[in-house]
Amino acid sequence: MDYRIRRSPDDLESTGFVEIYPWKDSGDSWQHGGLFIREDAFNVAEGIVMRHQPGFDHLSSNDIPRSVGMAIIADWRSVADRLPSLSPIEAAAELNLDDWFVEGFLSEFAKNRSEIVAMLRELAQKCRQFYAQSDWVCIIGM
């Protein structure tokens, strides 16, 4: 799986990406100034978002206020710090993964532990920067 975060819509080879922007939803997609993460890779980080943002919808646009976003960022960082020493089952629980996703994640985690840690840390860092610009972050799902 590809856990790289892209910073420009020009770098995307398909539309199978979740978009994250430092503003409320404007109704437009594929804008410059956002982050772009493969949908299957974002599933790894999404459980933490869902833990803090009730009603988060993977298939829609989600405006996340600063107070909630900062809790998500702290959780991404905390879990990223612990992942290197966790078993795959423990990692799935810490990431708050949906049951349907866990089976495939277990083998994926063993092969891509460091890439997952790097993605979570980068998400936390960039979203913190986004909240320095705006009181809102928008996550646009599939």
Side-chain angles (χ1 to χ4, degrees), residues 1-25 28-142:
M1 192 176 312
D2 182 357
Y3 291 95
R4 290 177 295 144
I5 296 174
R6 278 92 166 162
R7 301 187 188 284
S8 170
D10 300 332
D11 297 334
L12 309 180
E13 57 280 345
S14 73
T15 59
F17 287 81
V18 169
E19 306 165 65
I20 303 175
Y21 296 105
W23 51 71
K24 275 186 153 184
D25 182 30
D28 295 322
S29 292
W30 314 116
Q31 299 180 62
H32 288 275
L35 304 176
F36 306 90
I37 307 157
R38 286 197 175 280
E39 176 189 18
D40 49 358
F42 188 73
N43 283 333
V44 173
E46 187 175 62
I48 290 174
V49 175
M50 291 169 37
R51 180 169 25 232
H52 297 281
Q53 178 75 18
F56 179 83
D57 186 348
H58 177 85
L59 301 175
S60 188
S61 174
N62 302 270
D63 291 323
I64 313 236
R66 178 190 307 269
S67 60
V68 173
M70 296 309 283
I72 292 167
I73 289 166
D75 209 353
W76 278 338
R77 284 185 173 168
S78 176
V79 171
D81 289 345
R82 292 191 311 277
L83 281 181
S85 64
L86 297 178
S87 72
I89 294 285
E90 292 169 328
E94 288 289 313
L95 289 164
N96 193 38
L97 299 180
D98 279 334
D99 291 340
W100 68 266
F101 188 72
V102 170
E103 185 177 331
F105 171 79
L106 297 179
S107 63
E108 186 67 27
F109 181 69
K111 294 183 280 189
N112 295 292
R113 184 185 304 252
S114 63
E115 289 85 357
I116 293 168
V117 168
M119 179 191 71
L120 291 172
R121 287 183 175 150
E122 187 175 358
L123 277 170
Q125 175 196 19
K126 284 305 288 180
C127 286
R128 179 175 285 282
Q129 291 171 358
F130 284 176
Y131 281 114
Q133 300 172 35
S134 171
D135 288 332
W136 296 89
V137 164
C138 178
I139 301 175
I140 301 174
M142 304 306 294

Cut-off 3.5 Å, no hydrogens considered: what does the side-chain donor-acceptor table look like for residues 31-38, sequence neighbours left out?
from: Gln31; atom 1: NE2; to: Ser26; atom 2: OG; distance (Å): 3.1
from: Gln31; atom 1: NE2; to: Asp28; atom 2: O; distance (Å): 2.9
from: Arg38; atom 1: NH2; to: Glu13; atom 2: OE2; distance (Å): 2.1

Can you give the donor-acceptor pairs under 3.5 Å from side chains of residues 132-142 to other protein atoms, not counting sequence neighbours?
from: Ser134; atom 1: OG; to: Pro22; atom 2: O; distance (Å): 3.4
from: Ser134; atom 1: OG; to: Trp136; atom 2: N; distance (Å): 3.0
from: Ser134; atom 1: OG; to: Trp136; atom 2: O; distance (Å): 3.1
from: Asp135; atom 1: OD1; to: Arg66; atom 2: NE; distance (Å): 3.2
from: Asp135; atom 1: OD1; to: Arg66; atom 2: NH2; distance (Å): 2.6

Please table the atom pairs, donor to acceptor, closer than 3.5 Å between any side-chain atom in residues 39-50 and protein atoms at least two apart or in another chain.
from: Glu39; atom 1: OE2; to: His58; atom 2: NE2; distance (Å): 2.6
from: Glu46; atom 1: OE1; to: His58; atom 2: ND1; distance (Å): 3.2
from: Glu46; atom 1: OE2; to: His58; atom 2: ND1; distance (Å): 2.5

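Of all heavy-atom pairs spanning Ser107 and Gly104, the tightest one is OG-O, 3.5 Å. Heavy atoms only, all atoms of each residue included: Pro65 and Tyr131 are closest at O-OH, 3.5 Å. Here the closest non-hydrogen pair linking Arg51 and Asp75 is NE-OD2, 3.0 Å. The shortest non-hydrogen separation linking Leu59 to Asp57 is N-OD1, 2.8 Å. Residues Gly16 and Ser14 come closest through the heavy atom pair N-OG, 3.2 Å. Taking each heavy atom of Cys127 and Ile73 in turn, the nearest pair found is C-CD1, 3.6 Å.
The ring-ring contact (aromatic ring centres under 6.0 Å, His included) test applied to Phe109 returns Phe105, not counting sequence neighbours. By the side chain to side chain contact (heavy atoms under 4.5 Å, CB included) test, Glu115 pairs with Tyr3, Asn112, sequence neighbours left out.
For the atom pair CG of Asp25 and CD1 of Ile64, the computed distance is 12.0 Å after rounding to the nearest 0.5 Å. Residue Ser87 holds its OG atom at 10.0 Å from CD of Glu94, rounded to the nearest 0.5 Å. Separating the CD1 atom in Ile116 from the NZ atom in Lys111 is a distance of 10.5 Å, to the nearest 0.5 Å. Separation of atoms CE (Met1) and CE (Met119) is listed at 9.0 Å; rounding is to 0.5 Å. To the nearest 0.5 angstrom, Ser61 atom OG is 10.5 Å from Lys24 atom NZ. With rounding to the nearest 0.5 Å, the separation of CZ in Phe130 from CH2 in Trp23 is 7.5 Å.
Residues Ile20 and Ile5 form no side-chain contact, since every pair of their non-hydrogen atoms from C-beta on lies 4.5 Å or further apart.
The side-chain hydrogen bond (donor to acceptor under 3.5 Å, both in side chains) contacts involving residues 116-127 comprise Arg7-Glu122, Asp81-Arg121, Lys126-Gln129, where partners must be two or more places apart or lie in separate chains.
Looking only at distances, no side-chain donor or acceptor of Asp98 sits under 3.5 Å from a matching main-chain atom of Trp100.
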